[in-house]
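In each ligand, atom 1 is the first atom listed, and ligand 1 is the first ligand listed. It should be emphasised that the depicted structure is a prediction, and the values quoted were computed from it without experimental measurement.
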Amino acid sequence: MAEHASDPDHWKQDRKEGPRHFLDMEAYGGPEHLPRTLEGAQAQLGGDYYRRGVVPWIIQDRWQDLVAAFRTGDPEQVAFATAILGHYIADAHVPLHTTENHDGQLSNQRGIHSRWETGLVERYVQEADLTVSPARPDPAFLGRPWEWLRAAHALVPQLLEDDRVADRTTPMDGRGKQRTQAYWMFLWPKQGPVVRQQLQLAGQHLGDAILNAWIAAGKPRPPAPPAG
Ligand SMILES: [Zn+2]
């Protein structure tokens with residue numbers, strides 16, 4: 001699963017792939033006005049809807065793939081479908097995947113996307129620090145992505161504010177291009193708990209997705225382990 005978890009990011013030479021990783025909530029007038037179906041999205045935005053992101057519907061589709069994989073009984077297919085689904089579920093937990101200001105380009109904070117989702121994670125997060133609660137059966141699972149996205153979106157203003165203050169408070173390097181260690185040391189105590197929480201929630205919700213896909217597939221028995 002880990003081996004294939006990043007595959008969807010390598011499919012972006014296909015023009016249709018990019019919008020599968022996010023949802024620009026502002027396009028719909030904010031988190032309270034999100035459509036539940038693609039037809040609803042099209043009704044609200046017309047032909048423009050796809051370009052503003054389709055991640056909740058892609059999660060639904062890839063979850064159906066996982067249900068189908070469980071029905072085949074082939075562990076390789078189950079693992080692959082889980083890896084792909086997990087990618088989009090994780091994207092839905094990244095606050096900057098829920099806003100048109102996805103890289104801080106509208107607030108003069110360009111680069112914040114990778115500073116938050118890569119810079120902080122690579123510098124400070126250890127897998128051992130993350131804990132995930134057990135998966136839960138959930139008959140309403142297919143509606144959950146909208147809740148995840150709304151919760152992630154609510155984190156955007158503070159995230160941007162912390163980055164602004166970190167930049168204001170700490171010096172850049174000589175050419176004013178690279179953040180210094182001081183920037184990271186300022187930002188981590190503010191945003192670290194958020195990064196960790198979102199990582200844990202993404203893991204927990206992937207667990208929920210797997211359990212509920214298995215239930216939807218009729219709870220197939222796992223194949224016998226290979227002999228020897
Ligand atoms: Zn992605």
To 10 degrees, how wide is the angle OD1 (Asp9) to the Zn ion (ligand 1) to ND1 (His21)? 80°
Mind checking whether Trp146 and Trp57 have parallel, tilted or perpendicular rings, split at 30° and 60°? perpendicular
I'd like to know if the side chain of Asp7 pairs up with that of His4 as donor and acceptor (distance under 3.5 Å, no hydrogens or angles considered). yes
Restricting to N/O/S atoms, is His87 within less than 2.8 Å of the Zn ion (ligand 1) or not? yes
Spell out, yes or no, whether Trp214 and Ile89 are grouped together once hydrophobic residues are joined by side-chain heavy atoms under 4.5 Å, including indirect joins. yes
Closest N/O/S atom of Asp91 to the Zn ion (ligand 1), by atom name? OD2
Is there a donor-acceptor contact under 3.5 Å linking the side chains of Asp208 and Gln204? no
